[in-house]
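Below, each value reflects all heavy atoms present in this structure, side chains not excepted, and no hydrogens, waters or symmetry copies.
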Amino acid sequence: KNQVEQSPQSLIILEGKNCTLRCNYTVSPFNNLRWYKQDTGRGPVSLTIMTFSENTKSNGRYTATLDADTKQSSLHITASQLSDSASYICVVSALCSTGT
């Protein structure tokens, strides 16, 4: 069964501090993993897209890591700002195989 779990469910930190969000998944075969940021009342915005062969990707103050062996990813936010207050979503895509 393909599942994706994020932790923690919610997080309160002081402005300027760092924080880390985690994502565990059982999706197989794995295609890619994406982290999105969704501000209240708006659509999700893509922060990173990671494939099986990538283990670290940065986008400004956001750094995502991926361990495809343990099926875990984390999103690290450096020097948090008030504008970082949002929902963060981890989406894992399965590799679809087509029959002949």
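Among Thr48, Thr78, Asp84, the single residue meeting the side-chain hydrogen bond (donor to acceptor under 3.5 Å, both in side chains) criterion with Tyr62 is Asp84.
Taking every heavy atom of both residues into account, Ser74 and Thr65 meet most closely at OG-OG1, 2.5 Å. Closest non-hydrogen pair, Asp39 versus Ser85, comes out as OD1-O, 3.7 Å. Phe52 and Phe30 get closest at one heavy-atom pair: N-CE2, 3.5 Å. Of all the heavy atoms in Lys37 and Ser83, the pair that sits closest is NZ-O, 2.8 Å. When all heavy atoms are compared, the tightest approach of Ser28 to Lys71 is CB-NZ, 3.8 Å.
From Glu54, atom CD reaches atom CD1 of Ile49 across 9.5 Å, with rounding to the nearest 0.5 Å. Once rounded to the nearest 0.5 Å, the distance linking SG of Cys23 with CD of Gln72 reads 9.5 Å. Rounding to the nearest 0.5 Å gives a distance of 9.0 Å between CD1 of Ile13 and OG1 of Thr20. One finds the OG1 atom of Thr51 at 10.0 Å from the CG atom of Asn55 (value rounded to the nearest 0.5 Å). Atom OG in Ser58 sits 11.5 Å away from atom CG in Leu47 (nearest 0.5 Å). Distance check, rounded to the nearest 0.5 Å: OG1 of Thr56 to NE2 of His76 gives 12.0 Å.
A donor-acceptor pair is defined here as one N or O able to donate and one able to accept, closer than 3.5 Å; no such pair exists between the side chain of Ser87 and the backbone of Thr40. Between the side chain of Asp67 and the main chain of Thr70, a donor-acceptor pair closer than 3.5 Å is present.
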Could you walk me through whether Ser93 and Val27 satisfy the side chain to side chain contact (heavy atoms under 4.5 Å, CB included) test, starting with their C-alpha distance in whole Å, then the side-chain angles of each, then the deciding distance to 0.1 Å, before giving a yes or no? CA-CA 7 Å; Ser93 299; Val27 176; over 6 Å; no

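The closest side-chain heavy-atom distance from Pro8 to Leu21 is below 4.5 Å. Contact check for Asn59 versus Trp35: no side-chain heavy atoms found under the 4.5 Å cut-off. Taking the side chain as every heavy atom from C-beta outward, Leu11 and Tyr88 never approach each other to under 4.5 Å. Proximity of Ile77 to Arg61: side-chain heavy atoms (C-beta onward) are separated by under 4.5 Å at one or more points.
Taking hydrophobic clusters as Ile, Leu, Val, Met, Phe, Trp and Tyr residues chained together by side-chain heavy-atom distances below 4.5 Å, Leu66 shares a cluster with Val4.
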